[in-house]
Undergrad: 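Please see the structure below; I have some questions.
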Amino acid sequence: MDIFADFAARVAAALKTLYPEASDELIARAVVEPPRDPGHGDLSSNAAMVVAKPLGKNPREIAVALAAHFKEAADVESVEVAGPGFLNFRLDEPVWHRVLKSIDVLGNDFGKIDLGRGEKVNVEYVSANPTGPMHVGHTRGAVFGDALASLLAYTGYDVTREYYINDAGGQVDVLAQSAFLRYRQALGEVVEIPKGLYPGDYLIPVGEHLAEQYAGTLRWKPEAEWLPIVKDRVLSMMMDLVRTDLANLGVAHDVFFSERQLHGQGGDIDTTLDWLREKGLVYQGRLDRPKGATDQDWEDREQTLFRATQYGDDIDRPLVKSDGSYTYFAADIAYHRNKYLRGFKHMINVLGADHSGYVSRLKAAVKAVSDGEADIDVKICQLVRLLKNGEPFKMSKRSGDLVLLSDLVGEVGVDATRFMLLYRRNDAAMDFDFALVKEQTRDNPVFYVQYAHARTCSVLRMAESELPALDFSREELSIAPLELLVSPADLELIKVLAQWPRTVAAAALAHEPHRIAFYLYELAGAFHSFWAKGKEDKTLRFVNPEDLKLTVARLALVGAVRQVLVNGLTVLGVSAPDELS
RNA sequence: GACCCCGUAGCUCAGCAGGAUAGAGCGCAGGAUUCCUAAUCCUGAGGCCAUGAGUUCGAAUCUCAUCGGGGUCACCA
């Protein structure tokens with residue numbers, strides 16, 4: 001039950017009745033939201049002001065008419081016209097009790113708005129090159145994509161979480177060459193890793209495996225023969241590494257899509273480019289020399305280009321490299337056509353900041369390969385600066401200057417890592433301070449929220465031991481006398497709970513999981529605040545032996561808080577511990 | 001040179017499909033603990049929402065310039 005959506009629909013209906021000439025588009029612009037100032041009531045709508053001008057009427061006049069329409073509503077205590085034409089509703093108390101009741105009835109489903117109606121969405125995230133273990137640079141995108149996917153699944157989309165394995169380019173040849181050296185090393189040779197190859201220790205086990213499996217048989221073969229063998233082996237081992245790292249972060253994908261399967265004669269790239277060619281979107285042409293950039297290697301040549309400008313990109317984009325092989329982008333076009341043909345009309349890609357220049361061509365590609373049927377939202381995750389007590393932080397051992405994801409998770413834990421990364425907008429650069437994240441104080445939002453959850457559990461435990469005569473089972477709480485919850489403190493807390501569905505909807509529509517994290521922080525604060533009130537005023541304590549009925553009702557409220565905290569933390573993939581140790 | 005993101009309290013950041021007097025945490029100044037976990041709570045000070053114009057009933061939010069910070073810029077992935 002979302003009272004905001006509920007009233008928005010009722011206001012819209014009222015507008016339609018009063019002003020049949022108003023278009024649906026116009027009416028849709030009216031919103032119902034919680035006013036910033038509690039003095040303005042429980043709900044507030046701008047409907048009259050939005051509609052006034054196009055209808056050629058005075059906004060206050062419309063507001064008065066709307067207000068009259070709601071005067072008789074059973075659940076509206078009062079409705080006022082304020083300021084330039086705001087409509088301020090104050091709701092009857094039983095409304096809030098019904099909200100609370102619905103949380104109890106719906107449980108995990110409270111807040112589960114069906115925005116997606118089962119539509120398929122493909123969320124592609126991480127997609128790191130399989131050339132080594134994951135490092136912190138990948139972490140933000142991994143957590144963001146995972147939480148966004150959960151959020152969309154929670155709001156009724158049929159979500160596929162996908163990882164695109166960039167296993168077709170020159171980098172993987174270099175990787176295989178590096179692994180081959182480790183293989184020789186495992187055979188007893190003393191090797192030196194030349195510049196340009198991957199020096200990481202993580203390839204040593206790969207070499208050992210190769211030595212075990214093939215003994216010396218690969219050693220003197222020509223590269224053309226051993227390369228495919230080593231490549232397959234190292235790629236599969238690197239992907240195991242990646243999967244393990246991701247699993248430790250609580251991230252899982254449904255589909256691992258290999259770029260290699262797109263290549264080859266008659267493969268997806270060929271067929272896609274043929275298809276585009278027929279549409280006149282591929283041509284031979286020349287590009288202007290780019291300005292500003294380092295262009296000493298620039299070679300003015302005729303090349304195969306995709307007409308990206310037709311879909312809003314700045315320039316047309318090359319599809320074939322000078323050595324005749326396909327560009328990364330060519331494969332990506334084919335990949336996105338593949339997604340479209342698999343039934344995805346909505347796609348989301350989570351990319352790092354260094355790919356921001358790639359966005360417009362990707363959008364152009366999706367439009368082109370789907371004949372404008374599909375849409376793609378590209379979410380850019382900005383850089384994360386690692387700090388410790390304000391100082392830049394390094395702690396790498398295995399791979400040069402990079403801090404590994406596994407180091408990060410090992411140091412601060414999955415919950416803190418995930419929550420902190422989700423507690424910022426994705427498109428703003430952020431600092432991640434180890435010292436702060438490990439602290440268990442209010443400075444640290446993870447613990448603040450988890451502590452609130454632990455407290456709800458502690459209250460329930462407490463009640464059971466203090467008042468053994470009472471039954472606090474879920475069944476019993478579901479028939480609790482909620483009408484006893486009439487203090488301002490009770491109602492205030494319920495009103496925060498009532499905003500959960502609205503928050504979910506807004507976060508899902510905007511593809512912004514951080515809104516969930518902020519909401520949880522707010523709810524935790526409201527709960528902690530209520531808790532403290534019990535110190536001064538015993539009638540506000542959750543467990544009150546002098547009023548058993550009220551105690552049962554309060555525990556139902558505590559149960560609802562716990563439920564919503566769980567729902568939110570679940571979306572973010574952060575645990576909700578029963579107690580903090 | 002072009003494009004993208006960001007500029008909100010001393011610090012870190014919310015708020016942005018336009019809405020009423022701009023929020024939170026930290027830090028700072030005070031206060032609360034024989035009492036459900038003080039891992040918490042309460043009160044206070046602190047602002048030209050980078051700057052300038054525009055759009056309109058109304059702009060932190062939309063548009064355009066300017067300044068400042070970050071990122072990207074044929075064939076890499």
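Given the structure is predicted, the values throughout are model-derived calculations rather than measurements. Naming: A, B, ... by sequence-line order, numbering from 1 per chain.
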Undergrad: Report yes if a side-chain nitrogen or oxygen of A/Arg515 is closer than 4.0 Å to either non-bridging phosphate oxygen (OP1 or OP2) of B/rC16; otherwise report no.
TA: yes
Undergrad: Please determine if a side-chain N or O atom of A/Arg36 lies less than 4.0 Å away from the OP1 or OP2 oxygen of B/rA20.
TA: yes
Undergrad: Atom CG of A/Asp431 to atom C1' of B/rU12: distance rounded to whole Å?
TA: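 So the two atoms are 8 Å apart, to the nearest Å.
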Undergrad: As a test of reading the structure: which of B/rC41, B/rC35, B/rC6 is closest to the side chain of A/Tyr448, going by heavy atoms?
TA: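 Looking only at heavy atoms from C-beta outward on A/Tyr448, the closest nucleotide is B/rC41.
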Undergrad: State the pairing partner of B/rG7; accept Watson-Crick or G-U wobble contacts with both distances under 3.5 Å, and report none otherwise.
TA: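 Across any shown strand, B/rG7 pairs with B/rC67.
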Undergrad: Let's see if you can work this out: which of B/rA20, B/rC36, B/rU12 has an atom nearest to the side-chain heavy atoms of A/Ser44?
TA: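 In terms of side-chain proximity for A/Ser44, the closest of B/rA20, B/rC36, B/rU12 is B/rA20.
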Undergrad: Could you tell me whether the side chain of A/Ser45 and the main chain of A/Val31 form a donor-acceptor pair under 3.5 Å?
TA: yes
Undergrad: Please tell me which of A/Ile380 and A/Glu33 maps to the more 5' nucleotide of RNA chain B, matching each residue to the nucleotide holding its nearest heavy atom.
TA: A/Ile380
Undergrad: Does A/Lys53 put a side-chain nitrogen or oxygen below 4.0 Å from OP1 or OP2 of B/rC57?
TA: yes
Undergrad: Identify which nucleotide among B/rC41, B/rG19, B/rC13 has an atom closest to any side-chain atom of A/Ala532, counting heavy atoms from C-beta outward.
TA: B/rC41
Undergrad: With both distances under 3.5 Å as the test, what is the Watson-Crick or G-U wobble partner of B/rU34?
TA: none
Undergrad: Ring-plane angle category for A/Tyr164 and A/Tyr335, please: parallel below 30°, perpendicular beyond 60°, tilted otherwise.
TA: parallel
Undergrad: Does the structure show a Watson-Crick or G-U wobble partner for B/rC16, both distances under 3.5 Å? Name it, or say none.
TA: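 B/rC16 is unpaired by these criteria.
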Undergrad: Let me know, please, whether A/Thr327 or A/Arg455 comes out on the 5' side of the other along RNA chain B by nearest nucleotide.
TA: A/Arg455
Undergrad: As a test of reading the structure: which of B/rU12, B/rA14, B/rU40 is closest to the side chain of A/His514, going by heavy atoms?
TA: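 It is B/rA14.
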Undergrad: Is A/Phe447 stacked on the base of B/rA39, with ring centres under 5.5 Å apart and planes under 30° apart?
TA: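 Stacking is absent between B/rA39 and A/Phe447, given that the ring centres and planes do not meet under 5.5 Å and under 30°.
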Undergrad: Please report the distance, rounded to the nearest Å, between OH in A/Tyr521 and C1' in B/rG15.
TA: 16 Å
Undergrad: Quick one: A/Glu536 CD to B/rU33 P, roughly how many Å, whole number?
TA: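 Whole-Å distance recorded here is 10 Å.
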Undergrad: I'd like to know if A/Ser322 reaches the base of B/rA74 with its side chain, counting only an N/O donor and acceptor under 3.5 Å.
TA: no
Undergrad: For the side chain of A/Asn88 and the base of B/rA20, is some donor closer than 3.5 Å to an acceptor across the two?
TA: yes
Undergrad: Can you tell me the distance, in whole Å, between the CG atom of A/Asp288 and the P atom of B/rA74?
TA: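 Distance, rounded to whole Å: 12 Å.
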Undergrad: Is the ring centre of A/Tyr448 less than 6.0 Å from the ring centre of A/Phe527?
TA: no
Undergrad: Using the ring-ring contact (aromatic ring centres under 6.0 Å, His included) rule, take A/Tyr423 and A/Phe419 through it: C-alpha gap first, then chi angles, then the decisive distance, then the call.
TA: CA-CA 6 Å; A/Tyr423 196 62; A/Phe419 198 95; 5.7 Å; yes
Undergrad: How long is the line joining CG of A/Asp37 and P of B/rG19, in whole Å?
TA: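 A/Asp37 atom CG is separated from B/rG19 atom P by 16 Å.
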Undergrad: In this structure, how many angstroms lie between the P atom of B/rC42 and the NE2 atom of A/His528, rounded?
TA: 10 Å
Undergrad: Can you find a side chain N or O atom of A/Lys321 that sits less than 4.0 Å from OP1 or OP2 on B/rA77?
TA: yes
Undergrad: From the set B/rC16, B/rA38, B/rC36, return the single nucleotide nearest to any side-chain atom of A/Arg425.
TA: B/rC16
Undergrad: Between A/Glu124 and A/Lys339, does any side-chain N to carboxylate O distance fall below 4.0 Å?
TA: yes
Undergrad: Roughly, in whole Å, what's the span from CZ in A/Phe86 to C1' in B/rU21?
TA: 12 Å
Undergrad: Mind checking whether A/Phe306 and A/Tyr283 have ring centres under 6.0 Å apart?
TA: no
Undergrad: Whole Å only: how far is the CH2 atom of A/Trp531 from the P atom of B/rA38?
TA: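 Nearest whole value for this atom pair: 6 Å.
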